[in-house]
Amino acid sequence: MKINRNFDNLVPSYLFAEIAKRTNAYINANPDKKVIKMGIGDVTLPIPRVAVEALKSGADELGVKETFKGYPEYEGYDFAREAVAGYYKNFGVSVDADEVFISDGAKSDTGNIGDIFGADNTVLITDPVYPVYVDSNIMAGRKIIFANGNRENGFCAMPDESVHADIIYLCSPNNPTGAVYSAEQLKTWVDYAIKNDAIILFDSAYEAFITDDSPRSIFAIEGARNCAIEFCSLSKTAGFTGTRCGYTVIPKELERDGHNIHDLWYRRQATKFNGVSYPVQCAAAAVFSDEGLAQIKENLSYYQENARIIASVLDELGIWYTGGKNSPYIWLECPDGMGSWEFFDYLLNNAQVVGTPGEGFGSQGKGYLRLTSFNDRENTIEAVERIKKLLKK
Ligand code: PLP
């Protein structure tokens, strides 16, 4: 018996354990000090009322013989797929309901999509990055190359035309940097993908945070239907991190290596996935109703205002950052040349504020720290006031 030895190549992830260890040690040594956690990656506001009502009425239907439902469709109920397609229309992107696969979230889908691709593909991933893309490809034994984000390109890594890739992961608005690709930049990626016969795996989990005319979908870009798959989620859009619902969009015409990609993904899901529960799909569809969209807007605005508050203090201090606008994340350059962990400790010890060291997201994160807008307003204001006091020259 042999295990999958590719797991030996995973880099142990100490990031959040190490943050918790250092934070708890500080709290134990300084019980009178109030520590504010600004590294929170989970939402904190509740799911919208319409979604709660839809969950309840969906559950009620399951309790009555006439409306009881057994296994859901692998690809999602038509009403949920149509609701997603309708949502895309709101920002001018046309996708067919048949192209939408409802799932239990973008983490599963971005992690599982590799099932349909061969192990000998070269995978291009931007750095810093959401770790799932890297780890799932290490598990599959694929060769990974990186496109570096940095201060010069505003953490919007662009393709190196001299390098070939078969699979490309892009995330915009980005976790962890909050950076957002422009339509022009995404067009460059689409052209590169088509030239390389590659597929872009586009993670738009944070699209709902976009407030300007930046693209909210890769399918807003000409040519993308021939080279892209999109993953999105209600986790950050509507507070579904615990409720679990996402969706993946695969254009019907997308083909590679003599195979239709939509059909392959259907086959994969039909084999390994038994669908999302009926009440959760009811709740997801409710989020995309007019009432639902109005309700999620309130929560998104709350986080956006927190992000604006953080960003304005960094502006005042003259600290370079990306994000803060179009994203719940603020990615800042550690002042005075400090390293990520050095600055983490400095903020914890001197301002009792906890961030996330950038190097936990890849080598290009060294010297950066991520703050998030998911704490409450009072704490966010208090945290940035303390940072201002500490760092003001
Ligand atoms: N994609 C990105 C870029 C994320 O940051 C996250 C969560 O933090 C996810 C996907 C996970 O989404 P879900 O909760 O739908 O699995």
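One-based numbering, in listed order, for ligands and for the atoms of each. Quick note: residue numbers are just sequence positions, from 1. Everything numeric in this text was worked out from a predicted model, so none of it was measured.
- Rounded to the nearest 0.5 Å, atoms OH (Y133) and CG (D203) are 3.0 Å apart.
- Listed by chain and number, the hydrophobic cluster partners of V11 come to none, as no ILVMFWY side chain reaches under 4.5 Å of it.
- In summary, the side chains of N375 and N306 do not present any donor paired with an acceptor at a separation below 3.5 Å, with no hydrogens or angles considered.
- Sorted by chain then number, the residues whose non-hydrogen atoms approach ligand 1 to under 4.0 Å are G105, A106, K107, Y130, Y133, C171, N175, D203, A205, Y206, S233, S235, K236, R244.
- Through direct or relayed side-chain contacts under 4.5 Å between Ile, Leu, Val, Met, Phe, Trp and Tyr, L62 connects to Y77, F79, Y278.
- Through direct or relayed side-chain contacts under 4.5 Å between Ile, Leu, Val, Met, Phe, Trp and Tyr, I3 connects to M1.
- At a cut-off of 3.5 Å, with distance as the only test, a side-chain donor of Y87 or R216 sits close to an acceptor on the other residue.
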